[in-house]
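Remarks on the structure that follows.
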Amino acid sequence: MSALKELVNYCDELLAVREYRDYCPNGLQVEGRGEVRRIVAGVSACQALLDEALARDADAVLVHHGWFWKGEGECITGIKRRRLKSLLDNDISLIAYHLPLDGHAELGNNAQLARRFGWSVDGRFGHGPFGGLSMWSELDEPLSANELAMSLGNELHREPLLIVGGTHPIKRLGWCSGAAQDGIEEAAALGLDAFISGEVSERTVHLARELGIHYLAIGHHASESDGVRALAEHLSQRFDIQSEFVDIPNPV
């Protein structure tokens, strides 16, 4: 068992929350009981994850996508009321880390993608502190666009969307999890051969073809599952608590 305040303060410092300008509050979003013995972690604080937390007798829910986003409605009604009620009625905390969990050099979503696929991190770029959220790697052996797509699909158990940007092999590869498709322009300017992200926009297809860079969309959810899982496991080792990652399937 560990004190909620100690746990959150540790995460805030570990993930360097103060260095980020984000679209939502990072850290403790809903305060529950003061002691934490079990955490349920997941990508997004949807009702299905909250229900799993209740069923598993969790004291806190740890997510990448929390609540209270800039620009959303301020009234506590409908879905927002039901979700909040699930936590407050059961004295469960909600802890969320968005951009800080994308950018962390070891536990972050992008670092975890590199670890999963065996890519070295040879540099960073894009928005955000510490050199940017996006990462790039010089591959040991060049791959064709189709070979890379197959490797990603086999590991993630979902077929990525491949936009072919030419006939060139992939030697220098960049990536950024989530909805970072607009990073393709900077990736091309850096001379990267391919760029991976979670989502794709209509304009991304034309940009990839005209910039001459391969683009692969592997799914927003799939690209951001490993960071919160890694953070939860780290907290279990650092504190006297139990943690469990619960995957709520999402095809996007």
Ignoring hydrogens and angles, state whether a donor on the side chain of [X] or [Y] is under 3.5 Å from an acceptor on the partner side chain.
| X | Y | value |
| --- | --- | --- |
| Ser144 | Asn146 | no |
| Tyr97 | Asp102 | no |
| Asp51 | Gln47 | yes |

Check each of Val40, Val36, Leu235 against Leu62 using the side chain to side chain contact (heavy atoms under 4.5 Å, CB included) test, and report the only one that passes.
->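 Option passing the side chain to side chain contact (heavy atoms under 4.5 Å, CB included) with Leu62: Leu235.
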
Residue that, paired with His221, satisfies side chain to side chain contact (heavy atoms under 4.5 Å, CB included) out of Val43, Val252, Leu156 =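 Considering Val43, Val252, Leu156, a side chain to side chain contact (heavy atoms under 4.5 Å, CB included) with His221 is found only for Val43.
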
With sequence neighbours excluded, what pairs up with Phe130 under the ring pair (Phe, Tyr, Trp, His ring centres under 6.0 Å) test?
->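 Expected list: none.
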
Crowded around Glu199 CD? As in, over 12 foreign heavy atoms under 6.0 Å?
->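 Yes - once you tally the heavy atoms of other residues, nucleotides and ligands closer than 6.0 Å, there are more than 12.
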
Greater than 12 external heavy atoms within 6.0 Å of His127's NE2 =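 Open.
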
From [X] atom [atom1] to [Y] atom [atom2], the distance as rounded to the nearest 0.5 Å:
| X | Y | atom1 | atom2 | result |
| --- | --- | --- | --- | --- |
| Thr204 | Leu161 | OG1 | CG | 9.5 Å |
| Asn110 | Ser134 | CG | OG | 6.5 Å |
| Glu31 | Leu88 | CD | CG | 10.5 Å |
| Ile241 | Ile39 | CD1 | CD1 | 3.5 Å |

Under 3.5 Å, side chain of Lys80 to main-chain N/O of Glu74, donor-acceptor pair present?
->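 Not a single qualifying donor-acceptor pair exists.
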
Counting only N and O atoms by type, is there a donor-acceptor contact under 3.5 Å from the side chain of Ser197 to the main-chain atoms of Ala180?
->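 Present.
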
Those residues that, when tested against Lys85, pass salt bridge (charged side-chain N to carboxylate O under 4.0 Å, His left out) (two or more places apart) |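 With neighbours one apart ignored, the set is Asp89.
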
For Asp182, what residues pass the salt bridge (charged side-chain N to carboxylate O under 4.0 Å, His left out) criterion, not counting sequence neighbours?
->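 Applying salt bridge (charged side-chain N to carboxylate O under 4.0 Å, His left out) to Asp182 gives Arg203.
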
For Leu152 and Pro160, which heavy atoms make the closest approach, and how far apart are they?
->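 Heavy atoms only, the tightest pair is CB-CG, 4.2 Å.
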
Of all heavy-atom pairs between Ile170 and Leu148, which one has the smallest distance, and what is that distance?
->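 So the two residues come closest at CD1-CD2, 3.6 Å.
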
side-chain contact (heavy atoms from CB on, under 4.5 Å) partners of Glu185, counting only residues at least two apart |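 Partners of Glu185 by the side-chain contact (heavy atoms from CB on, under 4.5 Å) criterion, ordered by chain and then number, come out as Leu207, Leu211.
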
Tell me whether Leu143 is reachable from Ile218 by hopping between hydrophobic residues (I, L, V, M, F, W, Y) whose side-chain heavy atoms are closer than 4.5 Å.
->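 Yes, same cluster.
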
Qualifying salt bridge (charged side-chain N to carboxylate O under 4.0 Å, His left out) pairs, either residue in residues 147-164, two or more places apart =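 Passing the test, one end in residues 147-164: Arg116-Glu155.
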
Relative to each other, are the rings of Phe239 and Tyr10 parallel, tilted or perpendicular (30° and 60° limits)?
->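 Phe239 and Tyr10: perpendicular rings.
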
When the aromatic ring centroids of His220 and His65 are compared, is their separation below 6.0 Å?
->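 Aromatic pair counts; centres sit under 6.0 Å.
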
With sequence neighbours excluded, tell me which residues meet side-chain hydrogen bond (donor to acceptor under 3.5 Å, both in side chains) with Arg37.
->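 Here the qualifying residues are Asp57.
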
